Structure formats: C-alpha cells, structure tokens
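Take a look at the structure set out below.
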2 protein chains.
Amino acid sequence: MMLKLATNIKYYRKQYNWTQQQLANELAISRSVIAKWENGDVLPDLMALIKLSRLFNQTVDHLLGINSQTDQLLNDFQQFYQTNSENEPVIDENLLNTIDYLVKNPLLKEQIERLSHLSIKQQKAVQRILQTTLNEAERL
Amino acid sequence: MMLKLATNIKYYRKQYNWTQQQLANELAISRSVIAKWENGDVLPDLMALIKLSRLFNQTVDHLLGINSQTDQLLNDFQQFYQTNSENEPVIDENLLNTIDYLVKNPLLKEQIERLSHLSIKQQKAVQRILQTTLNEAERL
DNA sequence: GTAAAATGTTCTTATTAAGAACTAAAAGGA
DNA sequence: TCCTTTTAGTTCTTAATAAGAACATTTTAC
C-alpha cells in the first residue's frame with residue numbers, strides 16, 4: 001500500500017518551519033523517530049498520528065494520503081457551499097431534494113444501503129427491476 | 001485520548017452483518033485480534049486501520065472518532081438543513097455514505113427522484129417490491 | 001436443555017517502533 | 001575556504017505491544 005505519510009509529515013513540518021527537534025518536542029518523543037517517519041523507515045503509532053493530524057490541522061486520511069469516498073464527497077459539499085453559482089456542483093438541487101426524500105424515508109435509505117452492499121452484478125439486476133417497476137407505476 | 005474506534009469497529013461490522021470471523025477473513029488476520037480491537041484491549045496497526053476504513057467505507061478520522069472535518073461538515077449540513085426545512089431531519093454518517101453512493105450512481109439517483117414523484121400508495125408498492133428483491137439478492 | 005456458533009480471555013511469540021549514540025550533511029560566519 | 005553549529009540520517013539495543021493459538025465463556029438456534 002502506497003502511503004504519502006512520510007512525505008506529508010516532512011512537508012507540513014516545513015510548512016510550520018519546524019526542525020525535527022521542534023516537532024519532536026511538540027510530540028514529546030525523541031527526534032530520531034521523526035527522522036525515521038519522514039524517511040519511511042517506520043510508521044508512527046496511532047496516537048502519534050492523531051497528534052500529528054491535530055498539530056498540522058489535517059485529517060488523518062489526508063496525512064495518510066488516502067482519498068476516501070467520503071472525503072471526496074465532502075470536497076464536493078464544500079465546493080457546493082463555497083461556489084454557489086460557478087461550475088455545476090456535484091451536489092445539485094435535485095440531489096438535495098433526493099436527500100431530503102431519503103431523510104424522510106428511513107426505510108428507503110436503508111434499502112439503498114443494502115443495495116450498495118451487494119455485488120455490482122446484483123446491484124445492476126436490482127436496478128433493472130426497479131426501473132421496470134417504476135415504468136409500470138408511472139403508466140398508471 | 002478517548003477513541004471511539006473499538007465501538008465503531010463493532011458497530012460497522014454489525015452493520016454489514018459480519019461475524020468477527022468474517023471480518024477477520026476480509027482482513028486476513030486472526031479472529032481473536034478483532035475481539036481485542038472491539039474491546040479496546042488493543043489498537044489495530046495503521047495498515048489494518050486503513051483496510052477497515054476501506055471495508056466500512058468510512059474515513060479513518062471517523063472510525064477513530066476524532067473531531068474531524070467530516071464531523072464538522074456534518075454539523076454544518078445539519079444546520080443548513082434545519083434552517084431550510086420545517087422538519088428536523090436526522091443526518092447521520094450512513095446518510096453521507098448513501099449520498100455518496102447516489103452521486104456515483106446517477107441512474108439510481110434518477111430512479112429515486114421518479115419514485116418520489118409517485119403517489120404515496122405507489123411509492124409504498126414500489127418499496128415493497130424493492131424490499132423483496134433485496135431480500136432475494138441477499139440470500140444468494 | 002442441548003448443541004453449535006459467536007465472542008471473550010490468557011499466554012506466548014514475534015514484530016516493530018522508540019531512544020541513545022554516532023555519523024553525515026547543510027547552513028552560516030569569519 | 002575553513003571552522004563551527006545546526007540539522008538530519010543511521011545503527012544498534014531495548015522496550016512496547018500487537019498477533020496468534022488455545023482455551024473459556026456467552027449467546028443463539030433448534
């Protein structure tokens with residue numbers, strides 16, 4: 001698994017114009033450990049990682065260089081909030097309405113969750129059935 | 001430092017209806033380790049944690065239960081929501097994931113929009129069919 | 001109530017990160 | 001340039017701790 005952690009630690013330390021010693025002091029650990037983190041020789045333990053994320057004001061995910069789905073989505077949200085009118089945001093009015101609908105229909109929300117846990121093939125099958133059902137219903 | 005990691009691992013494992021053994025298999029580790037994680041006896045190492053976040057579709061920050069941007073945004077969204085509608089919707093982490101899923105599945109999003117425009121009676125009928133379909137799919 | 005499954009616990013082993021001390025490389029000043 | 005000081009990299013040892021196996025307990029299903 002490719003982690004950007006080492007690079008990021010070094011990067012953010014320098015952003016703050018800290019020496020390894022200064023960072024080590026902040027974390028109350030020995031300096032050589034920082035060196036090893038930054039060179040990818042060793043991974044910090046969880047607690048140290050969390051402290052780092054606080055110090056650097058970054059999410060753990062970002063420090064690790066993981067671009068999780070949720071993070072991606074959050075970015076979209078943020079964009080939506082910040083730029084209300086520019087490029088068409090991923091989160092549009094329609095989606096907001098859909099979310100609203102989901103919020104008011106916990107059962108449906110749960111069903112979609114369940115759907116998302118199926119295999120891709122099964123998901124598609126279910127969606128085909130849903131499509132047919134909707135077509136039927138709309139004809140009435 | 002107070003971590004909600006143990007609780008969260010157990011919670012999301014159960015969300016997926018997995019036994020400790022099944023989760024252990026997914027991660028290719030021994031089951032007793034899962035038990036210890038869930039009881040807070042031991043912290044998973046970084047790589048295991050990342051795998052968990054992938055499996056559960058959650059940010060590492062959220063799994064850890066540390067005050068992350070995600071949680072912050074959730075609050076914002078909650079506020080945004082409450083000021084824009086009369087009901088008090090419950091926006092939780094799962095909803096975020098569901099939204100994410102919708103964003104990635106435009107067809108499904110459209111289907112839900114269509115569903116929302118049907119009469120209540122029809123909506124219920126469609127949902128019953130969906131329920132049955134999901135039950136079927138999950139049995140396989 | 002019993003059998004099977006799922007979970008919790010203990011003990012040992014193995015992994016690996018931390019720290020100290022040493023080495024090497026930059027940075028700064030005469 | 002040479003010297004000094006600061007900063008960073010490396011090695012070796014020690015200590016911490018997570019993983020696994022085996023066993024114990026609890027829960028679930030019949």
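Hydrogens, waters and symmetry mates are skipped; everything else that's a heavy atom, side chains included, is used. In this text the structure is predicted, and so the values were computed from the model without any measurement. Here is the naming used below: chain letters follow the sequence lines, and residue numbers restart at 1 for every chain.
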Rounded to whole Å, how long is the line connecting atom [atom1] of [X] with atom [atom2] of [N]?
{"X": "B:W18", "N": "C:dT7", "atom1": "CH2", "atom2": "P", "value": "13 Å"}
{"X": "A:M47", "N": "D:dA16", "atom1": "CE", "atom2": "P", "value": "17 Å"}
{"X": "B:N39", "N": "C:dA6", "atom1": "CG", "atom2": "P", "value": "17 Å"}
{"X": "A:D45", "N": "D:dA18", "atom1": "CG", "atom2": "P", "value": "9 Å"}
{"X": "B:Q21", "N": "C:dA5", "atom1": "CD", "atom2": "C1'", "value": "11 Å"}

[X] side chain near [N] phosphate (N/O to OP1/OP2, under 4.0 Å):
{"X": "A:W37", "N": "C:dA17", "answer": "no"}
{"X": "A:R31", "N": "C:dA18", "answer": "no"}
{"X": "B:K10", "N": "C:dG8", "answer": "yes"}
{"X": "A:Q20", "N": "D:dG9", "answer": "yes"}

Which nucleotide, [options], lies nearest any side-chain atom of [X]?
{"X": "B:I29", "options": "D:dA19, C:dA18, D:dG20", "answer": "D:dG20"}
{"X": "A:S30", "options": "C:dG19, D:dA21, D:dA18", "answer": "C:dG19"}
{"X": "B:T19", "options": "C:dG19, D:dT7, C:dA6", "answer": "C:dA6"}
{"X": "A:D41", "options": "C:dT7, D:dA8, D:dT10", "answer": "D:dT10"}
{"X": "A:K36", "options": "C:dA20, C:dA6, C:dA17", "answer": "C:dA20"}
{"X": "A:V42", "options": "C:dA17, D:dG20, C:dA20", "answer": "C:dA17"}

### Message
Is a donor from one side chain sitting under 3.5 angstrom from an acceptor on the other, for A:N135 and A:Q131?
### Response
no
### Query
Looking across every strand, which nucleic acid part, if any, lies under 4.0 Å from A:I34 by heavy atom: base, sugar-phosphate, or nothing?
nothing
### Polar side-chain atom of B:Q111 near backbone of A:Q127 as donor-acceptor pair, under 3.5 Å
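Yes.
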